[in-house]
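Numbers here are sequence positions counted from 1. As the structure lists them, so they are numbered: ligands from 1, and atoms in each ligand from 1.
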Amino acid sequence: MTTCTGCSLLCEDIELALKTGAITQAKNLCRKGQGHFQALFTERTRPMIDGQEVSLDQAIGKAAEILKSAKLPLLYGWSNSTLEAQAVGIDLAKKLGATIDDTSSFCQGILMERVLTGKIPTCTLDDVRNYADTSVFWGADPSNSHPRHLSRFAYYPRGEKRQKSYEEERTCIAVDVRKSATARLCSNYYFRLAPGQDAEFIEAILAVLEGKIPKFGDKKRMIELGTILRKTEYGVIFPGLGMVYSLQEKMDLLETLVVKLNEITTFKVIPMVGHYNMRGFNQLLLDLTGFINRVSFKDGKASHGPENSVIAAAKRCDAALVIGSDPLCALPFATARALAKVPLIAIDPRRSLTTDAAKVVIPSAMYGLEAGGTAVRMDGVKIAFEPAIKSDLLSDEQVLTRIMEAI
Ligand code: SF4
């Protein structure tokens, strides 16, 4: 069996048949996972310095030289690497006195911090399959972002206490700004919001749960929603980026809602993490430093703050190492431009805008297919996996260890 690293569900039941240059047969792999693994055969990176192909040793040596001479290095990415590679990365940051940050810094971090520190109750996806009768997808569209979420856990499977499954015992609710594929599936229980209205929507639910008339939305539908939530035996809210971006500093409202729901019944929260091991990095850094992201090891101790976010640190760093991420494509233009101006080291199995702009490119093995390790699923369950095929490429962990040794 192969584990798919295409999203944070880390499906462990994938059966693959491969021949040179293609996947010939795949069982249990969704279309997203298929695209993820198929990309293995296209646009692979080669060791490069200043756009010229070099040996792997030369690329690693140059990366070590750049990081060693930098006064304010930034290490960024991490969500597509295993726990083992992340641990070496954090050691490297300590050794360099560098700033380290990951993709959660501008997506689910604000919510993940509350889940990992116990402020918001959570559960595993196996609990969802066994017990959940109500799932609320809020600003999330798992049918596209995590295609097997509904079939493996939230809606279709039979579970210990949910033998009648979606036909009779499970309700899915979608709260979104558009009628996504998941919202279409939830049909009667789709609640459409305009962008930024999530806080008002929560206040309206709270009003209904307290027996008051809501001031927001269609009153009849809000009362109907309140009734479903009240009658729920085991509910789970799955917040996606839509909700997180909308709430931001009003995230306390979600906490208040979950507290209120738990006065009535049982409700948990599982953030819809995108990258396969973002939660792993957040947990690891939290265990080691007390912070889930945005950490600087300058002056030998860990400090945390918005000044250490990739967005802020990119503007002052004098060298950057990017691993398993494409910030030049994904981050705001000013951040991408700042990163492109400093000596940039990119470690990645595949070519991207960031590897194209990097001074040094170091190829790595793709986790799941070419390298094994351990990662943390979106619900906090640790998954260990072996590579599906043999590869001569170094894993992220091995590349980072070599850089550490060279420094
Ligand atoms: S749902 Fe995610 S982990 Fe599972 S096969 Fe699809 S992409 Fe891979």
Side-chain angles (χ1 to χ4, degrees), residues 1-18 22-43 78-83 85 103-104 107-108 112 124-129 132 135 137 140-157 159 166 170 172 174 180-182 185 236 238-241 270-282 324-326 330 348-350 352 365-389 396:
M1 291 285 177
T2 299
T3 298
C4 175
T5 50
C7 79
S8 59
L9 288 187
L10 285 165
C11 297
E12 299 165 272
D13 57 351
I14 311 299
E15 291 174 35
L16 289 179
L18 299 140
I23 296 171
T24 50
Q25 272 188 331
K27 198 173 163 198
N28 298 331
L29 194 64
C30 75
R31 65 191 185 287
K32 183 171 177 172
Q34 166 82 19
H36 173 68
F37 279 156
Q38 191 61 47
L40 175 74
F41 305 110
T42 56
E43 304 275 335
W78 307 109
S79 304
N80 282 319
S81 295
T82 56
L83 290 171
T103 52
S104 72
C107 63
Q108 293 269 12
M112 186 55 81
T124 67
L125 288 167
D126 305 288
D127 293 333
V128 174
R129 185 181 52 237
S135 292
F137 293 103
D141 178 18
S143 298
N144 282 300
S145 61
H146 303 75
R148 296 184 67 204
H149 194 295
L150 297 163
S151 59
R152 287 187 66 204
F153 303 107
Y155 196 45
Y156 296 112
Y166 71 102
R170 293 197 204 267
C172 270
S180 64
T182 307
L185 196 126
V236 186
F238 295 98
L241 279 185
I270 301 180
M272 293 291 281
V273 172
H275 301 299
Y276 81 86
N277 199 23
M278 187 198 92
R279 183 163 175 162
F281 179 80
N282 295 148
S325 182
D326 189 7
D348 208 303
R350 287 193 300 255
S352 68
M366 182 189 274
Y367 280 112
L369 263 193
E370 297 170 321
T374 319
V376 176
R377 207 167 63 176
M378 65 152 68
D379 57 344
V381 171
K382 220 180 242 189
I383 308 278
F385 53 88
E386 295 291 326
I389 56 174
D396 288 356

Review point. Does the shortest distance from atom 8 (Fe) of ligand 1 to an N/O/S atom of Cys30 fall below 2.8 Å?
Key: no
Check your understanding: Where is the nearest protein heavy atom to atom 2 (Fe) of ligand 1: which residue, which atom, and how far?
Key -> Cys7 SG, 2.3 Å
Study note, to complete from the structure: Nearest heavy-atom approach of Arg31 to Ser143 is NH2-O, 3.0 Å
Exercise for review: Specify whether Phe385 and Tyr367 have parallel, tilted or perpendicular ring planes, treating 30° as the upper limit for parallel and 60° as the lower limit for perpendicular.
Suggested key: perpendicular
Practice item. Quick one: look up the protein heavy atom nearest atom 4 (Fe) of ligand 1 and list residue, atom name and how far away it is. Key: Cys11 SG, 2.3 Å
Check your understanding: For atom 8 (Fe) of ligand 1, which protein heavy atom lies nearest, and how many Å away is it?
Key -> Cys4 SG, 2.3 Å
Check your understanding: Can we say Arg377 and Asp126 salt-bridge, meaning some charged N sits less than 4.0 Å from an Asp/Glu carboxylate O?
Key -> yes
Exercise for review: Report the C-alpha separation of His149 and Phe238 in whole Å, then their side-chain angles, then the decisive distance to 0.1 Å, and conclude whether the ring-ring contact (aromatic ring centres under 6.0 Å, His included) test is met.
Suggested key: CA-CA 11 Å; His149 194 295; Phe238 295 98; 4.7 Å; yes
Exercise for review: Using a strict cut-off of 4.0 Å, indicate which atoms of ligand 1 neighbour a heavy atom of Leu10.
Suggested key: 3 (S)
Review point. Which is it for Asp379 and Thr124 under the side-chain hydrogen bond (donor to acceptor under 3.5 Å, both in side chains) test, yes or no, and what are the steps along the way?
Key: CA-CA 5 Å; Asp379 57 344; Thr124 67; 4.6 Å; no
